[in-house]
Amino acid sequence: MAAAALTLSVSAANPVKINLWPNGAPVENGFDPKNERIEDGYKLMDVANAELWIYPAKNPNGVCIMLTPGGGYQCLVIEKEGTMFANWLSAQGFTCAVLKYRMPNGHKEIPLMDAERAMEILRAKASEYHYNPNKIGVMGGSAGGHFAAMLSTLYSSPATRPDFQILMYPVIYMDITNSLSHKKSAGRLLGSNPTEEDYKKFCLQNQVTPMTPPAFVILSCDDKVVDPLNSLEYVKALGKNNVPCTLHIYPAGGHGYGNLDTNPFKLEFQSELLRFLNEQVK
């Protein structure tokens, strides 16, 4: 029943679905595609097939946003941090693409692999969906925020570099010896035997450079799941590298609210987000 509800929610907006790896991915995560399923009515589990779900804007303004839902690198909360934003933002003129990325299952190279492939596809599709190939951003929450920041800092070429990044209450630390780390996300990404080199690489405040794209970051002071200092350390690194950054800290909201009405500052967040995004249109 839960799976049917999600299917109906997604199909109602009629996205165009593109398989990232039609001939098989260079690295597999070990999950059987037949075991992909919905749990608790909203968690897409054991994702083995990566797809882009494109939501064409009715009146395209030239900007595209790739949405990367969170879920602790265990699952994807694909509605509240994906399809709900896609439906809202595409109505505002922004072409959106929800990335159904594969769970790493300890294969740390898989998320960035999916992220870069998705960016290549979006740049190739720019003329078809009427957006500027140089105005493609990435937006993610929680572990999806880590995913978005990872693409923004560890991209391998100009073709896969986002033009802006939007991070909602993101995981930034991946060093399980540090109290700021979200240890479950770190374990699922890095596996059971991470090295010091892994910690340094995937603690993304270490990877910011002057070429990191401009950022919009939101968080809530009362977040008990991901320490808000994750965001602040990342913002600090952006500042040191003279990367433009917009930061909004709300007094309440907790963690993982996405585009739900449960966020007490939803209207303020949406207003500030649209202000940032409209700057990208110019």
Side-chain angles (χ1 to χ4, degrees), residues 1-22 24-25 27-56 65-91 96-107 110-111 113-115 117-118 121 138-148 150 168-171 182-189 223 225-226 253-263 266:
M1 191 67 166
L6 181 64
T7 301
L8 287 173
S9 173
V10 171
S11 63
N14 197 30
V16 178
K17 295 187 178 183
I18 300 173
N19 187 340
L20 261 61
W21 308 106
V27 177
E28 300 292 345
N29 65 0
F31 288 147
D32 186 336
K34 295 178 182 177
N35 291 333
E36 286 189 10
R37 64 196 183 280
I38 303 295
E39 288 188 359
D40 302 326
Y42 68 97
K43 298 176 183 177
L44 182 56
M45 305 294 297
D46 293 353
V47 180
N49 284 328
E51 295 178 329
L52 264 178
W53 298 351
I54 298 180
Y55 292 70
I65 306 160
M66 183 169 75
L67 296 153
T68 61
Y73 285 123
Q74 179 190 35
C75 65
L76 296 179
V77 289
I78 206 154
E79 286 194 281
K80 67 177 178 177
E81 291 175 358
T83 59
M84 290 178 69
F85 278 115
N87 286 319
W88 171 57
L89 289 169
S90 61
C96 291
V98 177
L99 179 55
K100 175 183 165 246
Y101 60 92
R102 295 174 295 153
M103 296 299 95
N105 194 28
H107 299 271
I110 283 179
M113 185 181 295
D114 284 359
R117 179 62 186 142
I121 291 172
V138 62
M139 175 178 175
S142 194
H146 184 272
F147 186 102
M150 179 167 53
M168 304 181 293
Y169 39 82
V171 174
H182 188 255
K183 294 179 175 57
K184 291 183 178 179
S185 294
R188 294 167 187 139
L189 176 65
D223 190 334
V225 177
V226 175
H255 184 82
Y257 36 79
N259 206 30
L260 297 175
D261 291 338
T262 53
N263 175 10
K266 178 180 177 179

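Along the sequence shown, the residues carry numbers beginning at 1.
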Looking at residues at least two apart in the chain, or sitting in another chain, which of them share a side chain to side chain contact (heavy atoms under 4.5 Å, CB included) with A118? L20, L52, M66, L99

Would you please test V138 and I65 for side chain to side chain contact (heavy atoms under 4.5 Å, CB included) and show each step? CA-CA 6 Å; V138 62; I65 306 160; over 6 Å; no

My understanding is that only residues two or more places apart in sequence, or in another chain, count here; which of them pass salt bridge (Lys or Arg N to Asp or Glu O under 4.0 Å) with K80? none

The test is side chain to side chain contact (heavy atoms under 4.5 Å, CB included); show your working for E28 and R102 and say whether it passes. CA-CA 9 Å; E28 300 292 345; R102 295 174 295 153; 4.2 Å; yes

With sequence neighbours excluded, residues passing side-chain hydrogen bond (donor to acceptor under 3.5 Å, both in side chains) with D46: R37

Restricting to salt bridge (Lys or Arg N to Asp or Glu O under 4.0 Å), what partner residues turn up for D261, sequence neighbours left out? K266

Name all residues meeting the side chain to side chain contact (heavy atoms under 4.5 Å, CB included) criterion together with P104; count only those two or more places apart in sequence or in a different chain, and write none if there are none. Y73, P111, L189

Shortest non-hydrogen contact from N19 to A50? OD1-O, 3.4 Å

Ring pair (Phe, Tyr, Trp, His ring centres under 6.0 Å) partners for Y169, two or more places apart: H255, Y257

Take Y55 and T83, measure what side chain to side chain contact (heavy atoms under 4.5 Å, CB included) needs, and give me the verdict at the end. CA-CA 9 Å; Y55 292 70; T83 59; 3.2 Å; yes

Qualifying salt bridge (charged side-chain N to carboxylate O under 4.0 Å, His left out) pairs, either residue in residues 66-77, two or more places apart: none

Results of side chain to side chain contact (heavy atoms under 4.5 Å, CB included) for E36 - residues two or more places apart only: V47, A48, N49, K100

Identify the heavy atoms of A86 and L67 that sit nearest to each other, and give their distance. N-CD1, 3.7 Å

Test side-chain hydrogen bond (donor to acceptor under 3.5 Å, both in side chains) applied to W21 - qualifying residues, sequence neighbours left out: D114

Name all residues meeting the side-chain hydrogen bond (donor to acceptor under 3.5 Å, both in side chains) criterion together with N105; count only those two or more places apart in sequence or in a different chain, and write none if there are none. none

Residues two or more places apart in sequence or in another chain: which of them pass salt bridge (Lys or Arg N to Asp or Glu O under 4.0 Å) with R188? none

Residues two or more places apart in sequence or in another chain: which of them pass salt bridge (Lys or Arg N to Asp or Glu O under 4.0 Å) with D223? none

